[in-house]
Amino acid sequence: MPRPCSIHCVMPSECGRAPGIAHHPAFRPAAAATALAIAATLLALAPPRASAAMRPSSGTRTAAGAEPPFPAGRLLAPVPASRPEAESPPEAASRLKEASRLKAGASAARKRTVPPRDVLPDLPSSQRLDQQLAEYALRASGIGWRSTGRCSDRTVRTCTSFEGIRWGTLRSLIDFAESSGCEVTVTGGTEHGHAGGTYSHANGYKIDIATGACVDEAVRRYPSIGVRGDGARLHRSPEGVVFAREKDHWDITIRRGPRG
């Protein structure tokens with residue numbers, strides 16, 4: 001008895017025994033279903049490929065900061081470089097100000113020819129100072145100065161000059177300011193316009209300071225030694241510094257100084 005041919009036959013001789021089987025109504029649907037199953041299996045086993053939908057076309061750019069539409073696209077997208085946190089305007093201004101201050105300080109240090117602030121020189125009392133060194137010594141000790149002419153020219157009587165002043169005179173004034181705790185302001189130095197003599201302003205032995213409640217009280221603690229020829233009351237400190245109370249200032253005479 002002849003064997004029926006099926007869709008699984010592999011030998012043409014066997015299918016030849018039933019030549020009408022390919023035209024059977026159930027053959028074509030079954031063959032189509034088998035083909036679809038094989039195609040699905042091949043697609044599942046094939047390695048994944050980036051979909052064309054994941055890649056923007058050459059004529060389209062992704063907006064800055066926008067994420068790709070699919071998770072796979074986000075994984076493939078380049079990671080943006082990290083940026084430092086932006087400074088706020090006050091922080092940036094403060095940093096620039098500090099940098100400018102340090103630069104100016106370095107420049108001043110290179111040009112400085114006198115001791116830095118808060119460092120007083122160790123000099124003999126007879127040493128004569130120039131204007132710049134005297135100003136630094138006073139400023140370092142918290143002592144200010146003023147002049148009616150707002151100047152320091154020794155030849156102008158309305159100026160307040162320290163040019164040629166003795167270190168002993170300046171050092172004794174600094175000691176007075178420190179011991180009294182008063183705010184001291186110099187009003188006269190070596191400029192023209194003062195009385196002459198050996199122990200005079202011009203020769204660097206005298207200096208004038210402004211009066212005030214604290215200064216007046218500190219000076220009057222020293223013993224009184226009488227009245228000067230012009231009527232100014234005199235006080236002498238234990239170190240031999242003489243204070244004369246003139247109209248609007250104390251006229252101070254230092255003949256020796258801390259180191260003679």
Side-chain angles (χ1 to χ4, degrees), residues 120-149 151-260:
L120 297 180
D122 184 19
L123 302 173
S125 295
S126 59
Q127 178 70 47
R128 304 285 176 167
L129 308 181
D130 60 17
Q131 181 73 24
Q132 188 181 28
L133 180 55
E135 287 183 2
Y136 266 85
L138 291 173
R139 189 179 294 113
S141 303
I143 298 176
W145 60 92
R146 66 170 183 253
S147 68
T148 55
C151 52
S152 61
D153 189 341
R154 187 176 184 178
T155 63
V156 180
R157 61 186 305 157
T158 56
C159 296
T160 296
S161 176
F162 305 119
E163 191 71 34
I165 196 169
R166 296 170 71 252
W167 171 242
T169 302
L170 217 60
R171 178 77 253 190
S172 294
L173 177 64
I174 293 170
D175 291 344
F176 169 75
E178 292 177 351
S179 62
S180 66
C182 298
E183 183 177 344
V184 175
T185 301
V186 178
T187 61
T190 58
E191 67 279 353
H192 289 184
H194 300 282
T198 302
Y199 301 105
S200 62
H201 282 271
N203 286 340
Y205 287 90
K206 284 193 172 190
I207 194 166
D208 294 341
I209 63 173
T211 60
C214 182
V215 170
D216 293 349
E217 182 180 356
V219 173
R220 286 170 181 151
R221 291 176 187 159
Y222 301 142
S224 175
I225 58 172
V227 179
R228 199 170 62 180
D230 59 357
R233 293 188 175 274
L234 303 175
H235 297 265
R236 179 182 288 144
S237 73
E239 294 77 25
V241 179
V242 177
F243 295 79
R245 180 63 160 86
E246 296 190 5
K247 181 180 179 180
D248 57 357
H249 65 271
W250 286 97
D251 177 77
I252 306 173
T253 305
I254 302 97
R255 294 194 178 192
R256 289 178 58 85
R259 293 182 57 184

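Note that these values count all heavy atoms, side chains included, but never hydrogens, waters or copies made by symmetry.
- Looking at every heavy atom in both residues, Val242 comes nearest to Arg236 through CG2-NE, 3.9 Å.
- Annotation for His249 and Ile209: closest pair CB-O, 3.2 Å, computed over non-hydrogen atoms.
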After noting the C-alpha distance and the side-chain angles of Lys206 and Arg255, does the key distance pass the side-chain contact (heavy atoms from CB on, under 4.5 Å) rule? CA-CA 8 Å; Lys206 284 193 172 190; Arg255 294 194 178 192; over 6 Å; no
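- Other residues, nucleotides and ligands place no more than 12 heavy atoms under 6.0 Å from the CD atom of Glu183.
- Taking every heavy atom of both residues into account, Glu163 and Arg154 meet most closely at O-NH1, 3.2 Å.
- With values rounded to the nearest 0.5 angstrom, Thr187 atom OG1 is found 8.5 Å from Ile207 atom CD1.
- The number of heavy atoms from other shown groups lying within 6.0 Å of CZ (Arg128) is above 12.
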Under 3.5 Å donor-acceptor pairs involving side-chain atoms of residues 195-202, not counting sequence neighbours:
from, atom 1, to, atom 2, distance (Å)
Ser200, OG, Gly197, O, 2.9
Ser200, OG, Asn203, N, 3.4
His201, ND1, Gly189, O, 2.9
His201, NE2, Asp208, OD1, 3.3
His201, NE2, Asp251, OD1, 3.0

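- Shortest non-hydrogen contact noted between Cys159 and Ser147 is C-CB, 3.7 Å.
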Test log, rule side-chain contact (heavy atoms from CB on, under 4.5 Å), inputs Arg166 and Ser125: CA-CA 6 Å; Arg166 296 170 71 252; Ser125 295; 4.2 Å; yes
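- Atom-to-atom distance recorded for Ile174:CD1 and Ser179:OG is 12.0 Å, nearest 0.5 angstrom.
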Working note: Trp145 + Leu138, criterion side-chain contact (heavy atoms from CB on, under 4.5 Å); need CA distance, chi angles, decisive distance, verdict. CA-CA 9 Å; Trp145 60 92; Leu138 291 173; 3.9 Å; yes
Please walk me through it: do Glu191 and Asp153 pass side-chain contact (heavy atoms from CB on, under 4.5 Å)? CA-CA 7 Å; Glu191 67 279 353; Asp153 189 341; over 6 Å; no
Please report the C-alpha distance between Arg233 and Glu246 in whole Å, then the side-chain angles of each, then the deciding distance to 0.1 Å, and finally whether the salt bridge (Lys or Arg N to Asp or Glu O under 4.0 Å) criterion is met. CA-CA 8 Å; Arg233 293 188 175 274; Glu246 296 190 5; over 6 Å; no
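- Two residues are said to be in side-chain contact when any heavy atoms from C-beta on lie closer than 4.5 Å; His192 and Val156 fail this criterion.
- Between Ile143 and Thr185, the closest side-chain pair of non-hydrogen atoms is not below 4.5 Å.
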Run Glu239 and Ser237 through side-chain hydrogen bond (donor to acceptor under 3.5 Å, both in side chains) and show every step you take. CA-CA 5 Å; Glu239 294 77 25; Ser237 73; 3.3 Å; yes
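- Formation of a donor-acceptor pair under 3.5 Å by the Thr169 side chain with backbone atoms of Ile165 is not found in this model.
- Minimum heavy-atom separation, Thr190 to Gly204: CG2-CA, 4.2 Å.
- Considering only heavy atoms from C-beta on, Leu129 comes within 4.5 Å of Leu170 through its side chain.
- Considering all non-hydrogen atoms of both residues, Ala134 and Phe162 come closest at CB-CB, 3.5 Å.
- With values rounded to the nearest 0.5 angstrom, Phe176 atom CZ is found 13.5 Å from Ser141 atom OG.
- One finds the CG atom of Asp122 at 11.0 Å from the CD atom of Gln127 (value rounded to the nearest 0.5 Å).
- With sequence neighbours excluded, no residue forms a side-chain hydrogen bond (donor to acceptor under 3.5 Å, both in side chains) with Asp248.
- The number of heavy-atom neighbours closer than 6.0 Å to CZ of Arg228, taken from other residues, nucleotides and ligands shown, is above 12.
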Can you give me every donor-acceptor pair (side chain of residues 210-226, partner residue at least two apart or in another chain, under 3.5 Å) with its distance?
from, atom 1, to, atom 2, distance (Å)
Asp216, OD1, Trp250, NE1, 2.7

